[in-house]
Asks: 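Sharing a structure below in C-alpha coordinates format, with a few things to ask.
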Amino acid sequence: MKRSRQKSKSKHRLRFRPGVIFLLSLVFAGVGSSAWQLWKLHVSVEQQLAQLNQEKETLVQQQKSLHEEIAQLNTPSYVEQLAREQLGLVKHGEILISPKN
(Lines give C-alpha, C1' and ligand atoms only; values in the text may rest on other atoms or scores of the structure.)
Protein backbone atom coordinates (compact mmCIF):
# COMPACT_ATOMS: atom_id res chain seq x y z
CA MET A 1 0.00 0.00 0.00
CA LYS A 2 2.80 2.41 0.83
CA ARG A 3 4.50 1.78 -2.47
CA SER A 4 1.40 2.57 -4.48
CA ARG A 5 0.95 5.88 -2.65
CA GLN A 6 4.54 6.87 -3.28
CA LYS A 7 4.26 6.01 -6.95
CA SER A 8 1.01 7.95 -7.34
CA LYS A 9 2.55 11.02 -5.71
CA SER A 10 5.52 10.91 -8.02
CA LYS A 11 3.24 10.57 -11.06
CA HIS A 12 1.39 13.80 -10.22
CA ARG A 13 4.56 15.69 -9.47
CA LEU A 14 5.58 18.17 -12.17
CA ARG A 15 9.03 17.73 -13.57
CA PHE A 16 10.76 20.62 -15.23
CA ARG A 17 13.36 19.61 -17.69
CA PRO A 18 16.29 21.99 -18.31
CA GLY A 19 15.10 22.66 -21.86
CA VAL A 20 11.64 23.71 -20.67
CA ILE A 21 13.10 25.95 -17.99
CA PHE A 22 15.43 27.54 -20.56
CA LEU A 23 12.55 28.07 -22.99
CA LEU A 24 10.37 29.63 -20.29
CA SER A 25 13.26 31.88 -19.29
CA LEU A 26 13.60 33.05 -22.89
CA VAL A 27 9.88 33.73 -23.13
CA PHE A 28 9.87 35.74 -19.89
CA ALA A 29 12.98 37.65 -21.00
CA GLY A 30 11.31 38.47 -24.33
CA VAL A 31 8.11 39.61 -22.70
CA GLY A 32 10.03 41.67 -20.14
CA SER A 33 12.16 43.27 -22.82
CA SER A 34 9.11 44.14 -24.90
CA ALA A 35 7.36 45.62 -21.89
CA TRP A 36 10.46 47.71 -21.10
CA GLN A 37 10.65 49.01 -24.67
CA LEU A 38 6.94 49.89 -24.65
CA TRP A 39 7.33 51.76 -21.36
CA LYS A 40 10.32 53.74 -22.69
CA LEU A 41 8.35 54.57 -25.84
CA HIS A 42 5.38 55.69 -23.73
CA VAL A 43 7.61 58.00 -21.65
CA SER A 44 9.16 59.44 -24.80
CA VAL A 45 5.76 60.11 -26.37
CA GLU A 46 4.51 61.75 -23.17
CA GLN A 47 7.53 64.06 -23.13
CA GLN A 48 7.02 65.00 -26.78
CA LEU A 49 3.34 65.62 -26.13
CA ALA A 50 4.14 67.95 -23.22
CA GLN A 51 6.69 69.81 -25.34
CA LEU A 52 4.25 70.18 -28.23
CA ASN A 53 1.48 71.39 -25.92
CA GLN A 54 3.86 74.05 -24.55
CA GLU A 55 4.79 75.08 -28.09
CA LYS A 56 1.11 75.22 -29.03
CA GLU A 57 0.39 77.49 -26.05
CA THR A 58 3.21 79.82 -27.12
CA LEU A 59 1.92 79.93 -30.69
CA VAL A 60 -1.64 80.62 -29.53
CA GLN A 61 -0.36 83.57 -27.46
CA GLN A 62 1.58 84.89 -30.48
CA GLN A 63 -1.51 84.53 -32.65
CA LYS A 64 -3.59 86.45 -30.10
CA SER A 65 -0.97 89.19 -29.97
CA LEU A 66 -0.88 89.43 -33.77
CA HIS A 67 -4.68 89.64 -33.99
CA GLU A 68 -4.63 92.48 -31.46
CA GLU A 69 -1.91 94.24 -33.47
CA ILE A 70 -3.94 93.82 -36.67
CA ALA A 71 -6.99 95.30 -34.97
CA GLN A 72 -4.91 98.26 -33.77
CA LEU A 73 -3.37 98.79 -37.23
CA ASN A 74 -6.84 99.02 -38.75
CA THR A 75 -7.90 101.98 -36.57
CA PRO A 76 -7.78 105.39 -38.30
CA SER A 77 -6.05 107.09 -35.38
CA TYR A 78 -3.18 104.60 -35.39
CA VAL A 79 -2.79 104.86 -39.17
CA GLU A 80 -2.62 108.65 -38.79
CA GLN A 81 -0.03 108.34 -36.01
CA LEU A 82 2.15 106.06 -38.14
CA ALA A 83 1.83 108.38 -41.14
CA ARG A 84 2.96 111.35 -39.05
CA GLU A 85 5.83 109.53 -37.31
CA GLN A 86 7.23 107.34 -40.08
CA LEU A 87 6.34 109.26 -43.25
CA GLY A 88 6.46 112.83 -41.92
CA LEU A 89 2.98 113.64 -43.24
CA VAL A 90 1.08 116.64 -41.90
CA LYS A 91 -2.49 117.80 -42.08
CA HIS A 92 -3.47 120.69 -44.35
CA GLY A 93 -2.42 123.92 -42.69
CA GLU A 94 0.13 122.33 -40.31
CA ILE A 95 3.83 123.03 -40.49
CA LEU A 96 6.33 120.20 -40.03
CA ILE A 97 9.08 121.10 -37.63
CA SER A 98 11.87 118.57 -37.50
CA PRO A 99 15.22 118.83 -35.76
CA LYS A 100 18.29 119.43 -37.89
CA ASN A 101 20.37 116.26 -38.30
Side-chain angles (χ1 to χ4, degrees):
M1 184 88 169
K2 285 185 180 182
R3 280 186 163 177
S4 63
R5 281 188 178 175
Q6 285 178 352
K7 286 183 181 179
S8 65
K9 281 187 180 181
S10 64
K11 287 181 184 178
H12 293 290
R13 190 179 203 187
L14 291 175
R15 288 187 182 180
F16 289 108
R17 295 184 178 144
V20 173
I21 291 174
F22 179 71
L23 185 62
L24 286 174
S25 297
L26 284 178
V27 168
F28 284 131
V31 169
S33 175
S34 296
W36 175 255
Q37 293 297 323
L38 285 174
W39 181 78
K40 283 177 31 179
L41 181 62
H42 174 73
V43 168
S44 174
V45 167
E46 287 294 324
Q47 288 174 345
Q48 286 178 339
L49 184 60
Q51 180 184 1
L52 290 173
N53 280 334
Q54 180 64 36
E55 187 177 335
K56 177 185 172 188
E57 185 63 32
T58 302
L59 291 173
V60 166
Q61 289 297 327
Q62 286 178 353
Q63 181 184 26
K64 183 179 177 183
S65 174
L66 290 171
H67 281 295
E68 289 172 358
E69 186 177 348
I70 288 170
Q72 183 183 16
L73 286 171
N74 287 328
T75 60
S77 61
Y78 191 73
V79 171
E80 180 183 348
Q81 177 187 348
L82 289 178
R84 289 174 176 272
E85 291 174 359
Q86 294 180 1
L87 301 176
L89 298 178
V90 293
K91 289 183 179 179
H92 185 63
E94 290 182 338
I95 301 172
L96 177 64
I97 301 175
S98 62
K100 198 172 191 180
N101 291 337

Asks: What pairs with Glu80 under salt bridge (Lys or Arg N to Asp or Glu O under 4.0 Å), at least two apart in sequence or on another chain?
Replies: Arg84, Lys91

Asks: Going by side chain to side chain contact (heavy atoms under 4.5 Å, CB included), name the residues that satisfy it together with Val79, two or more places apart in sequence or in a different chain.
Replies: none

Asks: Using side chain to side chain contact (heavy atoms under 4.5 Å, CB included) as the criterion, list what pairs up with Leu52, not counting sequence neighbours.
Replies: Glu55

Asks: May I have all residue pairs that pass salt bridge (Lys or Arg N to Asp or Glu O under 4.0 Å) and include part of residues 59-74, sequence neighbours excluded?
Replies: none

Asks: Applying side chain to side chain contact (heavy atoms under 4.5 Å, CB included), can you list everything that pairs with Thr58, at least two apart in sequence or on another chain?
Replies: Gln54, Gln62

Asks: Could you work out the complete set of other residues in the hydrophobic cluster of Phe22, with links drawn between I, L, V, M, F, W and Y side chains under 4.5 Å apart?
Replies: Leu26

Asks: Which heavy atom of Thr75 sits nearest to which heavy atom of Gln72, and what is that distance?
Replies: OG1-O, 2.7 Å

Asks: For Val45, what are the other residues in its hydrophobic cluster, where any two members join if their side-chain heavy atoms are less than 4.5 angstrom apart?
Replies: Leu41

Asks: Would you please name every residue forming a side chain to side chain contact (heavy atoms under 4.5 Å, CB included) with Gln47, sequence neighbours left out?
Replies: Val43

Asks: Keeping Ser34 on the side-chain end and Gly30 on the backbone end, is there a donor-acceptor pair under 3.5 Å?
Replies: yes

Asks: Going by side chain to side chain donor-acceptor pair (under 3.5 Å), name the residues that satisfy it together with Gln63, two or more places apart in sequence or in a different chain.
Replies: none

Asks: State which residues pass salt bridge (Lys or Arg N to Asp or Glu O under 4.0 Å) with Glu85; sequence neighbours excluded, sorted by chain then number.
Replies: none

Asks: Please check if Leu24 and Ile21 belong to a single hydrophobic cluster, counting links between Ile, Leu, Val, Met, Phe, Trp and Tyr side chain heavy atoms closer than 4.5 Å.
Replies: yes

Asks: What ring pair (Phe, Tyr, Trp, His ring centres under 6.0 Å) pairs are there with at least one residue in residues 36-91, not counting sequence neighbours?
Replies: Trp36-Trp39

Asks: Only pairs at least two apart or in different chains count here, so list each salt bridge (Lys or Arg N to Asp or Glu O under 4.0 Å) that has a residue in residues 21-50.
Replies: none

Asks: Starting at OG of Ser33, measure out to CG of Leu38 and round the result to the nearest 0.5 Å.
Replies: 9.5 Å

